[in-house]
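Single-structure report; data block below.
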Amino acid sequence: MMAAGFLRRIQARASGKKRQSEDGTTRNVLDILSCQLQGSGPVLFDFARWATELKVTVARLREVVAWLVEHEFLALEGDVGGVARLWVNPSVAFSPWTDPRVLASRHRFPYITTAERGMAAEEPVIVHPYDATGWDEVYQSNLHMIEDPVCFSSAGCPIHER
């Protein structure tokens, strides 16, 4: 999830804008979606409900979701009556006991990560284009978390209980 914040800062610098004070909305949206994941399906995101909860405008939430979709942190499959059907890139979050390769393949998601040195790195955000072999390596290296999560459920997320 840090990659989204890093990328926002990089883009602000590149455009010559002074860094705007981050209101945390990007992180909040990713937290909400991550906590609502169930299996390998999409999350229904009610813009009005979450705007009220987060004390931001619906327009602000739509801007954040559009940016996350544009940069492939999410995939949007529709928006009806103010409720978006969103798929979360498994490099951001995935449910326990699910295979992230399936979702990555379905939406051709890139693998997004941060550099070891974070914002001090020359390229703080690393985006690897979709590659089945690469996602298999991610799966194999995270198998312990997928098959035996210690405390990795949406029911345990504080934001889920709102």
Side-chain angles (χ1 to χ4, degrees), residues 1-12 14 22-47 49-50 54 56 60-80 82-119 121 123-147 149-160:
M1 284 192 220
M2 288 178 21
F6 285 1
L7 189 55
R8 282 248 191 215
R9 283 185 239 146
I10 292 166
Q11 288 178 340
E22 174 60 26
D23 63 5
T25 307
T26 302
R27 175 65 185 228
N28 288 336
V29 168
L30 291 174
D31 284 345
I32 290 164
L33 294 170
S34 297
C35 288
Q36 292 191 346
L37 287 171
Q38 293 181 2
S40 57
V43 174
L44 299 179
F45 186 82
D46 184 328
F47 285 100
R49 173 187 173 206
W50 290 111
L54 298 173
V56 297
R60 172 70 177 135
L61 282 185
R62 287 190 174 281
E63 181 269 323
V64 167
V65 167
W67 184 88
L68 289 166
V69 169
E70 177 185 350
H71 295 284
E72 299 183 277
F73 291 93
L74 304 175
L76 173 66
E77 196 173 76
D79 182 345
V80 178
V83 177
R85 184 178 164 104
L86 297 168
W87 297 85
V88 178
N89 181 326
S91 65
V92 173
F94 58 88
S95 291
W97 303 290
T98 61
D99 186 342
R101 298 172 297 183
V102 175
L103 187 56
S105 173
R106 176 182 180 144
H107 295 284
R108 314 304 277 177
F109 276 127
Y111 182 71
I112 304 170
T113 189
T114 55
E116 220 172 276
R117 292 180 44 226
M119 285 299 288
E123 289 190 44
V125 178
I126 303 164
V127 179
H128 302 277
Y130 173 79
D131 173 57
T133 303
W135 274 104
D136 190 53
E137 290 172 15
V138 169
Y139 173 77
Q140 296 301 327
S141 66
N142 291 291
L143 200 53
H144 64 286
M145 290 189 327
I146 296 165
E147 292 181 344
V150 176
C151 180
F152 194 63
S153 72
S154 59
C157 287
I159 203 162
H160 182 71

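Note that the coordinates shown come from a computational prediction; the quantities given were computed from them, not determined experimentally. Note that these values count all heavy atoms, side chains included, but never hydrogens, waters or copies made by symmetry.
- Inter-residue side-chain proximity for W50 and N28 is flagged as unmet; no heavy-atom pair is nearer than 4.5 Å.
- T98 and S95 get closest at one heavy-atom pair: OG1-O, 2.5 Å.
- For the pair I32/L54, a side-chain contact is recorded, criterion being any heavy-atom separation below 4.5 Å from C-beta on.
- Note that the CG atom of D31 and the OG1 atom of T26 stand 11.0 Å from one another [nearest 0.5 Å].
- With a 4.5 Å cut-off on side-chain heavy atoms, V88 and L74 count as touching.
- In E116, the CD atom is not crowded: 12 or fewer heavy atoms of neighbouring residues, nucleotides or ligands sit closer than 6.0 Å.
- Side-chain N or O atoms of S91 include none that pairs as donor or acceptor with a backbone N or O of Y111 at under 3.5 Å.
- The distance from atom CH2 of W87 to atom OG of S40, rounded to the nearest 0.5 Å, is 6.5 Å.
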Per-pair distances, 0.1 Å, donor-acceptor, side chain in residues 123-139, under 3.5 Å, sequence neighbours excluded:
residue: D131; atom: OD2; partner: G134; partner atom: N; Å: 2.7
residue: W135; atom: NE1; partner: F109; partner atom: O; Å: 3.1
residue: D136; atom: OD1; partner: R101; partner atom: NH1; Å: 2.4

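- Listed here is the closest heavy atom pair of I112 and E72: CD1-O, 3.8 Å.
- Residue pairs meeting the salt bridge (Lys or Arg N to Asp or Glu O under 4.0 Å) criterion with at least one partner in residues 102-112, sequence neighbours excluded, are E77-R106.
- Listed by chain and residue number, F47, V58, D79 satisfy the side-chain contact (heavy atoms from CB on, under 4.5 Å) test with R62 (two or more places apart in sequence, or in another chain).
- Rounding to the nearest 0.5 Å gives a distance of 12.0 Å between CG of N89 and CG of L33.
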